[in-house]
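If you scroll down you'll find the structure; I have some questions about it.
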Amino acid sequence: MDVKDREADVTAIINAISRTVVSVTRADVAKHALLLAGACAFVFVLSLTDGLDLSPGLF
């Protein structure tokens with residue numbers, strides 16, 4: 001592989017990453033933060049029910 005080809009590939013990858021980072025908005029960050037918080041809350045509730053009998057007779 002030629003050095004010029006490798007430099008062109010690296011330049012293309014860096015340009016793609018920089019365009020992606022610049023295009024991220026605050027709304028995207030907030031949405032992902034809320035999704036992460038919801039997933040954490042779901043796992044926390046599941047961990048609370050560990051060992052609890054959740055059969056239909058419970059209700």
Side-chain angles (χ1 to χ4, degrees):
M1 182 173 248
D2 192 36
V3 174
K4 276 191 167 183
D5 290 338
R6 185 168 289 200
E7 286 180 12
D9 291 342
V10 171
T11 303
I13 291 170
I14 290 172
N15 287 338
I17 290 172
S18 67
R19 281 193 306 266
T20 302
V21 170
V22 169
S23 67
V24 174
T25 63
R26 280 189 163 192
D28 291 333
V29 173
K31 180 176 72 173
H32 284 92
L34 287 173
L35 286 172
L36 178 63
C40 290
F42 181 70
V43 169
F44 176 71
V45 169
L46 285 180
S47 71
L48 291 178
T49 62
D50 184 37
L52 184 64
D53 181 19
L54 295 176
S55 63
L58 179 67
F59 302 106

| message | Connecting only ILVMFWY residues whose side-chain heavy atoms lie within less than 4.5 Å of each other, what is the rest of Val29's hydrophobic cluster? | response |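 ILVMFWY cluster around Val29 also holds Val24.
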| query | For Asn15, which residues count as a side chain to side chain contact (heavy atoms under 4.5 Å, CB included) partner, sequence neighbours excluded? | reply | Thr11, Arg19
| request: Share the residues that join Leu48 in a hydrophobic cluster, the rule being Ile, Leu, Val, Met, Phe, Trp or Tyr side chains under 4.5 Å apart at the heavy-atom level. | output: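 Besides Leu48, the hydrophobic cluster comprises Phe44, listed by chain and residue number.
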| side chain to side chain contact (heavy atoms under 4.5 Å, CB included) partners for Ile17, two or more places apart | Ile13, Val21
| Residue pairs fulfilling side chain to side chain donor-acceptor pair (under 3.5 Å) with at least one residue in residues 21-40, sequence neighbours excluded | Thr25-Asp28
